[in-house]
Number of protein chains: 2
Amino acid sequence: MHTYTEENYLKAIYKLSEHSEEEVTTNAIAELLETKSSSVSDMLRKLAEKDLIHYTKYRGVTLTEAGRQVAVRIIRKHRLWEVFLVEKLGLGWEEVHPMAEELEHIDFERLIERLDAFMGYPKRDPHGDPIPSASGEVEMPRSCKLSEMNLATPLLVTGISNHTTAFLQYLDKLDLGLGTKLVIDEIMPFDRSMLVTINQGKQLHLSHEVAKNILAVVSESQR
Amino acid sequence: MHTYTEENYLKAIYKLSEHSEEEVTTNAIAELLETKSSSVSDMLRKLAEKDLIHYTKYRGVTLTEAGRQVAVRIIRKHRLWEVFLVEKLGLGWEEVHPMAEELEHIDFERLIERLDAFMGYPKRDPHGDPIPSASGEVEMPRSCKLSEMNLATPLLVTGISNHTTAFLQYLDKLDLGLGTKLVIDEIMPFDRSMLVTINQGKQLHLSHEVAKNILAVVSESQR
DNA sequence: CTATAAATTTAGACAGGTCTAAAAATAAGT
DNA sequence: ACTTATTTTTAGACCTGTCTAAATTTATAG
């Protein structure tokens with residue numbers, strides 16, 4: 001098995017390369033893991049030695065297939081635990097991330113398998129992110145940032161790309177969550193904030209920053 | 001919070017002093033944790049500095065109240081997770097110990113509380129051990145080793161004091177578990193092995209070693 | 001193309017834990 | 001009580017992962 005720390009590095013690299021084909025930079029990793037780039041640099045050398053990443057000095061890194069498998073497996077566990085914490089224990093979606101952050105490192109094949117079965121083989125976690133399969137496949141949802149979508153089109157919220165407690169609590173207050181239907185009524189040119197109507201009722205004002213972290217698809221039911 | 005390692009030391013000291021008032025020796029800890037006594041000695045110094053143990057060089061250790069609280073809390077989590085793994089996930093009592101060994105270090109008050117509630121506030125884990133309360137009280141069961149009990153008395157199995165996979169699998173094969181009613185028919189003087197009848201049916205031959213690890217009480221129903 | 005800025009890597013130190021080997025303290029036998 | 005055996009502790013080395021400070025490489029602006 002890999003150390004707790006190695007696993008966190010691999011997960012960080014996975015997350016940083018998930019939405020772009022680019023090489024991941026040392027600084028980006030350092031920022032995400034809240035550590036110094038010198039520490040990252042050191043660890044990258046070690047991960048490369050173990051063939052978990054492709055690494056050329058000063059050029060950034062990508063995961064090898066072995067590294068990707070490790071990362072995806074961690075993410076699978078993280079998301080399964082989140083479903084458990086929310087669905088079974090009744091914890092809030094805004095508080096489960098740090099718990100799952102620790103649970104994800106516990107590695108017993110039978111435990112994961114039973115946990116998956118116990119929850120009925122869920123496909124998404126409470127934030128709408130896809131749960132990788134046991135064999136490491138990840139179904140990448142084709143949702144877009146709300147900030148990049150068109151006016152007057154019926155949309156469905158399918159994901160949240162910022163899992164901080166503060167952000168999720170804010171969404172709760174707004175009464176906006178996964179499955180919320182909404183339409184963009186207007187976009188303010190000066191700050192790119194938007195007015196949206198949710199569930200054919202309340203109208204909300206969302207900043208661009210907020211809209212960037214909400215993922216949505218064009219609503220099937222009305223297209 | 002304390003490190004994973006510190007927690008394991010405190011838990012080990014707790015377990016070693018649970019059934020006797022004696023000071024716990026360096027060697028005993030080393031054996032339980034499968035480490036060298038020099039490492040233990042080092043760690044004891046550190047734990048004493050943090051006021052988690054009472055330590056006089058060459059004289060062994062006992063837990064301080066603070067140390068006991070930490071240990072009991074770990075054990076509470078361990079046993080709650082074991083109940084979850086067996087009752088909810090359907091894992092076998094012989095395979096959950098190593099999993100709980102890792103889960104026990106995860107420390108979120110709300111998680112523990114919810115887990116406890118989810119299982120209906122169980123009082124015992126799947127091996128019959130008492131689950132400490134949130135405030136750190138442990139109800140010490142007054143059961144005795146089967147090896148020390150009398151012939152021809154109706155007994156009830158209430159606990160198992162060896163949690164190894166091999167031992168628990170052996171008990172499964174014998175069809176002997178918590179709640180099994182039994183009577184000691186005969187004790188062989190030369191090796192102290194015994195013949196017992198379980199559930200008013202099958203007769204089994206148990207070695208002294210096995211009988212030492214089975215805990216029982218005189219059966220209420222027939223006394 | 002060169003000078004400076006930014007990003008990255010190396011060097012050296014440190015903290016937590018572990019080990020082996022050696023020293024010190026306690027326990028036991030006669 | 002004295003010598004030996006056992007237990008425990010100390011000393012010194014090593015490994016993982018972190019940091020700061022300094023050096024190096026790559027990127028950028030004239």
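Below, read A as the first sequence line, B as the second, and so on, with proteins coming before strands; counting in each chain starts at 1.
The list of salt bridge (Lys or Arg N to Asp or Glu O under 4.0 Å) pairs with a residue in residues 12-29 of chain A, not counting sequence neighbours, is empty. Pairs passing the salt bridge (Lys or Arg N to Asp or Glu O under 4.0 Å) check and including a residue from residues 87-97 of chain B, sequence neighbours excluded, read Arg110(A)-Glu95(B).
One finds a side-chain N or O of Asn27(B) lying less than 4.0 angstrom from the OP1 or OP2 phosphate oxygen of dT8(D). Not one side-chain nitrogen or oxygen of Arg59(B) sits closer than 4.0 Å to the OP1 or OP2 atom of dT9(D). Between Tyr55(A) and dT9(C) there is a side-chain polar atom (N or O) within less than 4.0 angstrom of OP1 or OP2. Of the side-chain N and O atoms in Lys57(A), one or more sit less than 4.0 angstrom from OP1 or OP2 of dT10(C). In this model, the phosphate group of dA11(D) is not approached by any side-chain N or O of Arg45(B) to a distance below 4.0 Å at OP1 or OP2.
A straight line from OH of Tyr58(A) to P of dT8(C) spans 10 Å, rounded to a whole angstrom. The separation between Glu49(B) atom CD and dT9(D) atom P is 14 Å, rounded to whole Å.
Near DNA chain C, meaning a heavy atom under 4.0 Å away, the residues from residues 2-16 of chain B are Thr3(B), Thr5(B), Tyr9(B). Contacts between residues 19-26 of chain B and DNA chain C, counted as heavy-atom distances below 4.0 Å, involve no residue at all. Within residues 29-39 of chain B, the residues approached by DNA chain D to less than 4.0 Å at the level of any non-hydrogen atom are Ser37(B), Ser38(B), in residue-number order.
The aromatic rings of Trp81(A) and Phe84(B) lie tilted to each other, with the angle between the two planes from 30° to 60°. The aromatic rings of His97(A) and His78(A) are tilted relative to each other, their planes meeting at an angle between 30° and 60°.
The pair Lys11(B)-Glu101(B) meets the salt-bridge criterion, since a charged nitrogen lies less than 4.0 angstrom from a carboxylate oxygen. Classification of Glu109(B) and Arg73(B) as a salt-bridged pair holds, one side-chain N sitting under 4.0 Å from a carboxylate O.
Projected onto DNA chain D by closest heavy-atom contact, Ser41(B) and Val40(A) fall at different nucleotides, the more 5' of which corresponds to Ser41(B).
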Pull out every protein N or O sitting under 3.5 Å from an N or O of nucleotides 12-14 of chain D, one pair per line with the distance.
none

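Side-chain N or O atoms of Arg192(B) include none that pairs as donor or acceptor with a backbone N or O of Ser147(B) at under 3.5 Å. Checked by atom type and distance alone, the side chain of Thr64(B) pairs as donor or acceptor with a backbone atom of Leu52(B) at under 3.5 Å.
Considering only side-chain atoms of Met43(B), the nucleotide from dG17(D), dG17(C), dT26(C) that sits closest is dG17(C).
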| said: Assess the residue pair Glu209(B) and Lys212(B) against the criterion (salt bridge (Lys or Arg N to Asp or Glu O under 4.0 Å)); give the C-alpha distance rounded to whole Å, side-chain angles, the decisive distance to 0.1 Å, and a yes or no. | reply: CA-CA 5 Å; Glu209(B) 192 54 35; Lys212(B) 270 200 309 192; 3.4 Å; yes
| request: Could you give me the CA-CA distance, side-chain angles and deciding distance for Thr25(B) and Asn27(B), then say whether side-chain hydrogen bond (donor to acceptor under 3.5 Å, both in side chains) is met? | output: CA-CA 5 Å; Thr25(B) 69; Asn27(B) 269 0; over 6 Å; no
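Only one option out of Val138(A), Asp125(A), Ile112(A) pairs with Arg76(A) in a side-chain contact (heavy atoms from CB on, under 4.5 Å); it is Ile112(A). Each of His127(A), His163(A), Arg124(A) was scored for a side chain to side chain donor-acceptor pair (under 3.5 Å) with Glu82(A), with one residue passing: His127(A).
Residue-environment remark: CD (Glu31(A)) stays at or below the threshold of 12 foreign heavy atoms within 6.0 Å.
To the nearest 0.5 Å, atoms CG (Asp116(B)) and CG (Leu80(B)) are separated by 5.0 Å.
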